[in-house]
Amino acid sequence: MSMCRFIGLIPFLRGKSVTGTSRKKEAVSKRPSSISRILEQEVRKLMDEDHLFTDNGLTVNSLASRMGVSRATMTGVVASAFGMGFREYVNRRRIEFAKEYMLAHPKATQDEIADVCGFKDGNLFNRKFKSLEGETPLSWLAHNYK
C-alpha cells in the first residue's frame, strides 16, 4: 500500500474534520477499526517484508512520521497489533532476526550481528539478547547451532 492512500486519512486520524476543525476527544478515540486495521497491516508489512526494525534509528516518532499519523496513533496501532509497546516489539523482532542470522553466520562477530539487526552496538545487543533470552548470544548459539 503506498503512502498516497493514507493522505486522505491524515485529517481524520489527527482528529480533524474535513473542514479542519477539531472533533471532540471522545470522537477521536473512537477511530473505526477498519482504519486501525489498515495501519496495522501497513506496519506489519514494513516490519515483515521490509525489515524496518533493522534500522537502528527507528523510533515510534519516525514510524509515525513515515505513516503520516501522530505518535499517539502509532503507539496505539503497535499496542493493538502486537500486544506490547513499540520499543519492546522492535527489540523482540531484532533478537529473533539475530538468532536467524547467527545460525546462518555462526562466525559473525557481536558487532556485526548488532549492526545487521539494528542495534547501535554489540554491547547493547548482548544486553538485550540476555534480558530476553536469559543467556548470552554466544551461549545461545552453542546450544542451538548444529
Side-chain angles (χ1 to χ4, degrees), residues 1-16 18 20 22-23 25 27-145:
M1 182 175 291
S2 71
M3 183 63 164
C4 296
R5 294 188 60 180
F6 288 112
I7 300 299
L9 297 174
I10 292 173
F12 176 79
L13 293 170
R14 290 194 175 144
K16 302 205 183 270
V18 177
S22 292
R23 293 178 300 178
K25 284 186 179 181
V28 173
S29 66
K30 295 179 182 176
R31 289 186 183 90
S33 60
S34 61
I35 293 172
S36 293
R37 275 185 297 211
I38 291 169
L39 291 170
E40 286 177 20
Q41 289 170 350
E42 185 63 14
V43 170
R44 284 183 193 279
K45 179 188 174 292
L46 289 170
M47 297 299 178
D48 294 343
E49 296 175 20
D50 299 342
H51 295 127
L52 188 61
F53 59 87
T54 62
D55 175 358
N56 72 9
L58 181 65
T59 64
V60 71
N61 288 335
S62 67
L63 182 57
S65 178
R66 181 178 183 147
M67 300 285 292
V69 299
S70 71
R71 180 185 199 286
T73 297
M74 186 52 53
T75 299
V77 166
V78 170
S80 173
F82 307 113
M84 61 188 79
F86 177 80
R87 184 60 34 210
E88 181 181 358
Y89 171 73
V90 168
N91 284 329
R92 287 182 182 276
R93 288 298 302 263
R94 287 175 176 169
I95 294 302
E96 290 306 312
F97 191 72
K99 291 190 305 189
E100 292 174 20
Y101 188 82
M102 289 188 302
L103 290 174
H105 304 89
K107 295 188 188 244
T109 66
Q110 186 170 292
D111 286 332
E112 177 187 341
I113 298 164
D115 185 54
V116 166
C117 298
F119 290 100
K120 293 196 186 281
D121 61 59
N123 291 328
L124 177 61
F125 161 64
N126 194 50
R127 283 193 313 273
K128 292 298 180 185
F129 192 99
K130 190 172 181 179
S131 73
L132 290 174
E133 295 298 320
E135 60 185 332
T136 65
L138 187 58
S139 176
W140 180 89
L141 185 60
H143 293 115
N144 293 280
Y145 184 70

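Here the structure is a predicted model, which means the values were calculated and not measured.
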Are the side chains of [Y] and [X] in contact, using a 4.5 Å heavy-atom criterion?
X	Y	result
Phe86	Met74	no
Arg87	Val78	no
Met47	Leu63	yes
Phe97	Ile113	no
His105	Val116	no
Asp121	Gln110	no

Between [atom1] of [X] and [atom2] of [Y], what distance do you get to the nearest 0.5 Å?
X	Y	atom1	atom2	value
Asp50	Thr54	CG	OG1	9.5 Å
Asn91	Met84	CG	CE	10.5 Å
Ser65	Arg71	OG	CZ	13.0 Å
Thr73	Ile35	OG1	CD1	10.0 Å
Leu138	Asn126	CG	CG	9.0 Å
Phe129	Leu124	CZ	CG	13.5 Å

If you look at every heavy atom in [X] and [Y], which pair is closest and at what distance?
X	Y	value
Lys128	Ser131	O-OG, 3.0 Å
Cys117	Ala98	SG-CA, 3.3 Å
Ser62	Gly57	OG-O, 4.0 Å
Ala81	Arg44	O-NH2, 2.7 Å
Asn56	Lys120	O-NZ, 3.2 Å
Arg93	Asp48	NH1-OD1, 2.7 Å

(request) Go through the steps for Leu103 and Leu141 under the test side-chain contact (heavy atoms from CB on, under 4.5 Å), then give the verdict. (result) CA-CA 7 Å; Leu103 290 174; Leu141 185 60; 4.1 Å; yes
(message) In terms of relative ring orientation, are Phe82 and Tyr89 parallel, tilted or perpendicular, with 30° and 60° separating the classes?
(response) parallel
(message) Can you confirm whether the side chains of Thr136 and Ser139 place a donor and an acceptor under 3.5 Å from each other?
(response) no
(request) Decide whether His143 and Glu135 meet the rule of one side-chain donor and one side-chain acceptor closer than 3.5 Å. (result) yes
(message) Looking at Arg92 and Glu88, is there a salt bridge between them, counting it only when a charged N and a carboxylate O are closer than 4.0 Å?
(response) yes
(message) I'd like to know if Lys99 pairs up with Glu133 as an ion pair, taking the criterion as any Lys NZ or Arg NE/NH1/NH2 lying under 4.0 Å from an Asp or Glu carboxylate oxygen.
(response) yes
(message) Taking the six-membered ring of Phe125 as reference, does the cationic atom of Arg94 (NZ for Lys, CZ for Arg) lie under 6.0 Å from its centre and within 45° of its axis?
(response) no
(request) Report the C-alpha distance between Asp55 and Arg66 in whole Å, list the side-chain angles of each, state the deciding distance to 0.1 Å, and finish with yes or no for salt bridge (charged side-chain N to carboxylate O under 4.0 Å, His left out). (result) CA-CA 13 Å; Asp55 175 358; Arg66 181 178 183 147; over 6 Å; no
(request) Please answer whether the main-chain N or O of Asp111 pairs with a side-chain N or O of Asp115 as donor and acceptor at a distance below 3.5 Å. (result) no
